[in-house]
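I have placed the structure first, in the form of C-alpha cells, so that the comments after it can refer back to it.
A, B, ... follow the sequence lines: proteins, then strands. Residue 1 opens every chain.
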Amino acid sequence: MPTTGTATLCKAERQHRRGVIGQLFEGGGSKSISVFPLRVVYMPVGRDEVEAPVSILVSVPKRHFKRAVKRNRVKRQLREAYRLHKHILLDTMANGENALVLAFIWLDKELHTTEELMDKMKKILSRIAEKMQQQQQQS
RNA sequence: GCAGUUGGACGGCUUGUCGCUGACCCUUCGGGGGAAGAGGAAAGUCCGGGCAACACAGGGCAUCCCACUUGUUAAUGGCAAGCAAUCCGCGAGGGUUGAGCAGUGGAGAAGAAAAUAACCGCCCCUCCCCCCUUUUCGGGUGGUGGGGUAAGGGUGAGAAGGUGAGGCAAGAGCUCACCAGCCGUGUGGUGACACACGGGCUGUCCGCCUUGGGAGUUGUAAGGUCAUGUAAACCGGCGCUAUGAGGGUAGCCCGCCCAAGCCGGAGGGUAGACCGCUAGAGCCACACGGUGACGGGUGGCGCAGAUAAAUGACAGGCACCUUUCCCUCAUACGGAGAGGCACAGAACCCGGCUUAUAGGCCGACUGCUUUC
C-alpha cells in the first residue's frame, strides 16, 4: 500500500484512463452524492483494474467559469482539500477487495474560500465512507 | 510646478508548513535524492512563416486575397521612413482615405433640373390691349408667340471649376488676373510626388469591370514506431487483359498519368505507451553601419514541456496604493488602524496584429505658469 497515511496525491491516484472515466459517467454501477457546491460521482471497481485503491478526477465545467485561471483555481483547491482529507476514505478502503473511482464535479458559478471547501470535503468523504462500510458488511 | 503628446521598460520581494511535474544521480529494483518549472499579453485565433503528411507534365476559364511610394524581413494584410487629400488639436501630435484620363450601369427622398440642363428669374424681337406724353419720334404696365441666357433662387454629399474685373441686350473661360484640378514639356527626387512654363476648359458618390501582384490542400488530434485485435472472412453491385470498371490531376474544361480491382452494406478491434517535443528566424551584452524598421560582427548564456493537462494551497512579514486617527503651524517628518494589490494560465514552434490590464518608473517633446 504505497500512499496510505501520507497526505500526497501522486499520478496513480489521479484517474486518467478514458475507459474508466467513460464507465463512470455512462455505466450503471456509479452513484452520486451532492454537497453544494460539489457533486461526487463514485463507482466501485475491481482492485486489479486500477492503479490505486482510490482514484479521483476533478471537473470544472467551462460554462461555469469562462476563464481558465478561475477553473484552475477551483481544481487546485479541490485537489488540496481531497489531499488533506483523503485518509477518511482510505481507512475504510484499505482492507476491502474493491477500489473506488471518484469524480468531483463543480456546480457553482462563484468561487468559494478554501476553508469552506475543506469543510464540505470532509462531510462528503465521510458520507461515502459510511456507505462503503455498509456495503462491505452486507457482502 | 501644473496640464498634455509620444516612445520604452516593469507589473512584485520574502519566510515557514504541506503538496504537483520532473532533466539527472543513486539503488539491495521495494524505492531514495533532486536541477529546473507560465505571460506581456501564455488570450482572441485575425494575418504571415517554419515543420509535417498528401498531392503536383502542361494549358485555358472560373474563384479567393492584396492595392499611394520606397525600403525592411523567412514572410505578411506587419513594421519603418516618406507622398497626396482631408478632418481634429493653440501646440507637441493624432485620426481617416489612397491602382485605373478604357468601357458600362445606378443614384431614393429633396429639388425646376442629377448631365446632349431653362421652373421662377434676367434680356431681345414680333403682335395685341390699355395708359402717359404728344405734331411726330418715344416711354410704361399686362398678355400671346419666337429666341437668347447658367449671374440670382431654394434642394442636395454633389448644381456644370472658385473669387474679382472687363465685356455684353442679358449673360457665359467670352476675355484677363489669382487660385484649385487635368494634360504636355522641362528641372529635382530611386519613387509616390514637388516646382516652373505652356495649353485647353473641368461635377460627386457607388457598383460591375479593367490593370498589376499573389494563392496546392490539410494542420502536431499533422505524422511516425510499438502494443492490443484481426478478416486476404461474409452479403450486394460494377469490372476482369481492356473498345479498360475505377482513380488522380485543388472548382470546371482540354490534355496527361495510374490502373485490376473498385463502390456500398453489415460486422470486428484499439482509443494505451513512446517519438514528434523543444537549440530556436533563441536570449543577453557590447560597439559598428543605417534617419529608421533592420542588418552583419564579437563575446557570453543554456531558458517550462504538462497530457481529465504540473508550475500550487495555507499562514505570516516587507514594499506599493487608498483612507481614518494621533502628533504637528503643516496636506512635512514620525506613529497606529482598516481596506486594496490588475488583466490573466503554456498545449508543435516562431514573427506580427487585435483586445484586456491595479499601480507606479524612465526618455523625448508641447502649452501655460513661477523664479533668475
Output a table of nitrogen or oxygen pairs between the protein and nucleotides 14-16 of chain B separated by less than 3.5 Å.
none

Decide yes or no for A/P37 and A/W106: does some side-chain heavy atom of the first lie under 4.5 Å from some side-chain heavy atom of the second? yes

Tell me which nucleotide, if any, is Watson-Crick or G-U wobble paired with B/A109 when both distances must be under 3.5 Å. none

Syn/anti state for B/A38 [syn: chi within 90° of 0]: syn

Taking only N/O atoms, report every protein-nucleotides 310-316 of chain B pair under 3.5 Å with atom names and distance.
from	atom 1	to	atom 2	distance (Å)
B/U311	OP2	A/R76	NE	2.9
B/U311	OP2	A/R76	NH2	3.0
B/G312	N2	A/E80	OE2	3.3
B/A313	OP1	A/R73	NH1	3.0
B/A313	O3'	A/T114	OG1	3.3
B/C314	OP1	A/R73	NH2	3.1
B/C314	OP1	A/T114	OG1	2.4

Note: A/R71 and A/P61 closest approach over all heavy atoms is CD-O, 4.2 Å

How long is the line joining CZ of A/F65 and P of B/A344, in whole Å? 14 Å

Complementary nucleotide for B/A196 - Watson-Crick or wobble, under 3.5 Å: B/U185

Pairwise C1' distance, B/A306 and B/G360 [rounded to whole Å]: 35 Å

Taking pairing as Watson-Crick or G-U wobble with both contacts under 3.5 Å, can you name the mate of B/G203, or confirm there isn't one? none

RNA chain B: 5'-proximal contact among A/V58 and A/V69 (nearest heavy atom): A/V58

P gap between B/G58 and B/G98, integer Å: 38 Å

Can you find a pair of side-chain heavy atoms, one from A/V41 and one from A/V101, that are under 4.5 Å apart? no

Should B/U187 be called syn or anti, with syn set as within 90° of 0? anti

Can you tell me the pairing partner of B/U6 across any strand shown, Watson-Crick or G-U wobble, with both distances under 3.5 angstrom? B/G363

Tightest non-hydrogen contact, residues A/L111 and A/K70, listed as CD2-O, 4.2 Å

Please determine, for B/A81, whether a Watson-Crick or G-U wobble partner exists with both distances under 3.5 Å, and give it or none. B/U69

Please report the distance separating the P of B/G292 from the corresponding atom of B/U96, rounded so that it comes out in whole Å. 26 Å

B/U225 - base-pair partner by Watson-Crick or wobble geometry, distances under 3.5 Å: B/A273

A/Q77 to A/T113 - nearest heavy-atom pair and separation: NE2-C, 4.0 Å

Note, A/V58 side chain near A/R79 side chain (heavy atom, < 4.5 Å): yes

B/C303: syn or anti, with syn meaning chi within 90° of zero? syn

Quick check on B/G345: is either OP1 or OP2 less than 4.0 Å from any side-chain nitrogen or oxygen of A/R67? yes

Sub-4.5 Å side-chain heavy-atom contact between A/L100 and A/M43: no

On a heavy-atom basis, the closest approach of A/V60 and A/K75 is CG2-CG, 3.8 Å

Contact between A/F65 and A/E110 at the side-chain level, heavy atoms closer than 4.5 Å - yes or no? no

Between A/I56 (CD1) and B/A309 (C1'), how many Å, whole number? 14 Å

Can you tell me the pairing partner of B/U17 across any strand shown, Watson-Crick or G-U wobble, with both distances under 3.5 angstrom? B/A313

So do the side chains of A/Y82 and A/I56 get within less than 4.5 Å of each other, counting heavy atoms only? yes

Check the pair A/L89, A/L102 against side chain to side chain contact (heavy atoms under 4.5 Å, CB included), reporting the backbone distance first and the verdict last. CA-CA 11 Å; A/L89 253 188; A/L102 302 177; 3.7 Å; yes

Rounding to an integer number of angstrom, what distance separates B/G140 and B/C123 when you compare their P atoms? 11 Å

Review item, side-chain donor-acceptor pairs of residues 117-131 of chain A, under 3.5 Å, at least two apart:
from	atom 1	to	atom 2	distance (Å)
A/K120	NZ	A/F36	O	3.0
A/K120	NZ	A/E116	OE2	3.4
A/S126	OG	A/K122	O	2.5

Can you check the A/H87 NE2 to B/C18 P distance for me, whole Å? 16 Å

For B/G173, is chi within 90° of 0 (syn) or not (anti)? syn

Roughly how many Å apart are B/C283 and B/C350, using the C1' atom of each and rounding to a whole number? 14 Å

With P as the reference atom in both, quote the distance from B/U291 to B/C286 in angstrom, rounded to an integer. 22 Å

Whole angstrom value for the distance that separates P of B/C20 from CG of A/L84: 11 Å

Does B/G148 adopt a syn or an anti glycosidic conformation, taking syn as a chi angle within 90° of 0? anti

Separation between the P atoms of B/G44 and B/U355, rounded to whole Å: 16 Å

According to the Watson-Crick and G-U wobble definitions, with both distances under 3.5 Å, which nucleotide is paired to B/G339? B/C321

A/Y82 has an atom OH; how far is it from atom C1' of B/C18, in whole Å? 17 Å

Nearest-Å distance once atom C1' is located in both B/C341 and B/U323: 15 Å

